[in-house]
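Residue indices begin at 1 and follow the sequence shown. Ligands are counted one by one from 1 in listed order, and the atoms in each one are counted from 1 as well.
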Amino acid sequence: MRQRLSIDDYTNGIFSGDRFVLSRAITIIESRLSQDRNLAKLILKNILPNTGNSLRIGITGIPGVGKSTFIEALGKHITSLGKQVAVLTIDPSSKKSGGSILGDKTRMERLAHDPLAYIRPSATNLSLGGVARNTRETVLLCEAAGFEVIIVETVGVGQSETLVKGMTDFFLLLMLAGAGDELQGIKKGIMEMADAVAINKADGLNKMATDLAVHEYKNALHLFPKSDSGYIPQVISCSAMENTGITNIWEIINDYQQTTKQNGFFEKNRRLQNLDWMYEHIRQTLETMFYEKPAVRKKDWYNRKNSECGPGIAYCSSRKIAKSFL
Ligand code: GDP
């Protein structure tokens with residue numbers, strides 16, 4: 001195990017915007033070693049007063065829609081305005097495909113070299129719930145390190161969108177023209193979550209199809225119930241590759257921020273998100289405590305691979321332990 005820094009070194013390093021220390025602190029947050037858990041708690045406690053000041057943007061879309069190309073274009077636009085941007089990724093499939101750490105950095109090479117940007121892929125060896133908890137806490141660390149805009153990217157495969165929506169202020173759905181909703185695996189629920197839909201790859205021969213898709217999605221969104229934010233979701237086209245439509249999307253994001261800050265939704269949403277986060281934290285803490293019990297660890301179903309017990313036995317056994325635990 002790599003040598004840990006002192007709590008002061010982590011805190012001061014993060015406050016001074018030291019990327020190296022920030023990365024090491026995120027590693028502590030992601031660590032599942034019990035000795036790191038206390039350190040993670042202390043780091044979070046120290047930095048908490050300096051958090052909450054960023055604009056948190058969630059971006060989703062199926063693989064190949066152009067997320068990394070788009071985030072690079074948007075990220076470069078944001079840094080050109082002199083703002084610092086952090087990009088965090090949640091990739092539920094990375095467990096299967098192997099480490100995404102190098103992959104994400106090379107996917108956004110220009111942005112990775114921008115001194116105002118920071119890119120951090122999620123740890124690959126965790127459950128989706130674990131990744132989500134880490135990502136929330138990573139957002140806080142990045143805020144304490146001075147990042148004004150935080151982009152959380154997720155691959156559009158279902159559950160992860162809800163998690164990202166639950167930790168961001170603005171949720172952008174990237175889509176393609178002519179691929180059909182079903183083909184894109186985008187469920188109605190995900191469309192409903194979006195504050196804006198951007199049809200990407202509006203270039204070359206695809207331009208006309210994109211204009212048509214914008215029209216169709218505008219009509220579709222019209223039929224959805226009004227969002228709690230009081231903001232009417234926007235549909236636009238863009239080409240991440242040709243860098244067109246990117247400034248429009250940034251303007252929409254700012255417009256959304258202004259509207260929801262004025263009508264009080266921005267703060268209300270963050271308060272509700274914090275509450276959900278607390279419930280989630282309680283659930284996870286109890287779960288960890290349960291599975292750490294020596295009596296639980298001894299059970300053959302603890303190591304599911306070697307378990308031959310039927311569901312009935314597992315149920316009774318876990319109930320007995322849960323009872324003794326309470
Ligand atoms: P991701 O899997 O969603 O992150 O998608 P990528 O950003 O890796 O892009 C997938 C492919 O689409 C790559 O070959 C990109 O060059 C291409 N691509 C991304 N954005 C655009 C765009 O705006 N126009 C066109 N024509 N191609 C694009």
For atom 28 (C) of ligand 1, is some protein heavy-atom partner under 4.0 Å away? yes
Is atom 14 (O) of ligand 1 less than 4.0 angstrom from some protein heavy atom? no
Are more than 12 heavy atoms, taken from residues, nucleotides or ligands other than L272, located less than 6.0 Å from that residue's CG atom? yes
Give me the nearest non-hydrogen protein atom to [atom] as residue plus atom name, then the distance to 0.1 Å.
{"atom": "atom 10 (C) of ligand 1", "value": "G64 O, 3.6 Å"}
{"atom": "atom 17 (C) of ligand 1", "value": "K201 NZ, 3.8 Å"}
{"atom": "atom 7 (O) of ligand 1", "value": "T69 OG1, 2.5 Å"}
{"atom": "atom 8 (O) of ligand 1", "value": "S68 OG, 3.3 Å"}
{"atom": "atom 23 (O) of ligand 1", "value": "A240 N, 2.9 Å"}
{"atom": "atom 24 (N) of ligand 1", "value": "D203 OD2, 2.7 Å"}
{"atom": "atom 20 (N) of ligand 1", "value": "N200 ND2, 3.3 Å"}
{"atom": "atom 16 (O) of ligand 1", "value": "M241 SD, 4.3 Å"}

Are L44 and L42 connected in the hydrophobic side-chain network, where two residues link if heavy atoms are under 4.5 Å apart? yes
Cluster link I151 to I236, ILVMFWY, side chain under 4.5 Å: yes
Using a 3.5 Å cut-off on N or O atoms only, is [X] in polar contact with ligand 1?
{"X": "F70", "answer": "no"}
{"X": "P63", "answer": "no"}
{"X": "A202", "answer": "no"}
{"X": "E153", "answer": "no"}

Checking the side chain of [X] only, and the main-chain atoms of [Y] only, is there a donor and an acceptor separated by less than 3.5 Å?
{"X": "E148", "Y": "K83", "answer": "no"}
{"X": "N200", "Y": "V65", "answer": "yes"}
{"X": "R110", "Y": "K76", "answer": "no"}

In terms of its nearest heavy atom to atom 1 (P) of ligand 1, the top option of E72, E242, K67 is K67
Can you list the ligand 1 atoms lying under 4.0 Å from a non-hydrogen atom of I62? 3 (O)
Residue list, ring-ring contact (aromatic ring centres under 6.0 Å, His included) with F147, at least two apart or on another chain: Y118
Measuring from atom CD of Q273 to atom OG1 of T168, what distance do you get when rounded to the nearest 0.5 angstrom? 6.5 Å
Side-chain H-bond candidate by donor/acceptor type, D8 with T11, under 3.5 Å: no
Just by distance, with hydrogens left out, do E153 and T89 show a side-chain donor and acceptor under 3.5 Å apart? no
I71 heavy atom under 4.0 Å from ligand 1: no
Do E292 and R37 pass the salt bridge (charged side-chain N to carboxylate O under 4.0 Å, His left out) test, and can you show the C-alpha distance, the side-chain angles, and the key distance before you say yes or no? CA-CA 14 Å; E292 273 174 358; R37 236 176 274 154; 3.1 Å; yes
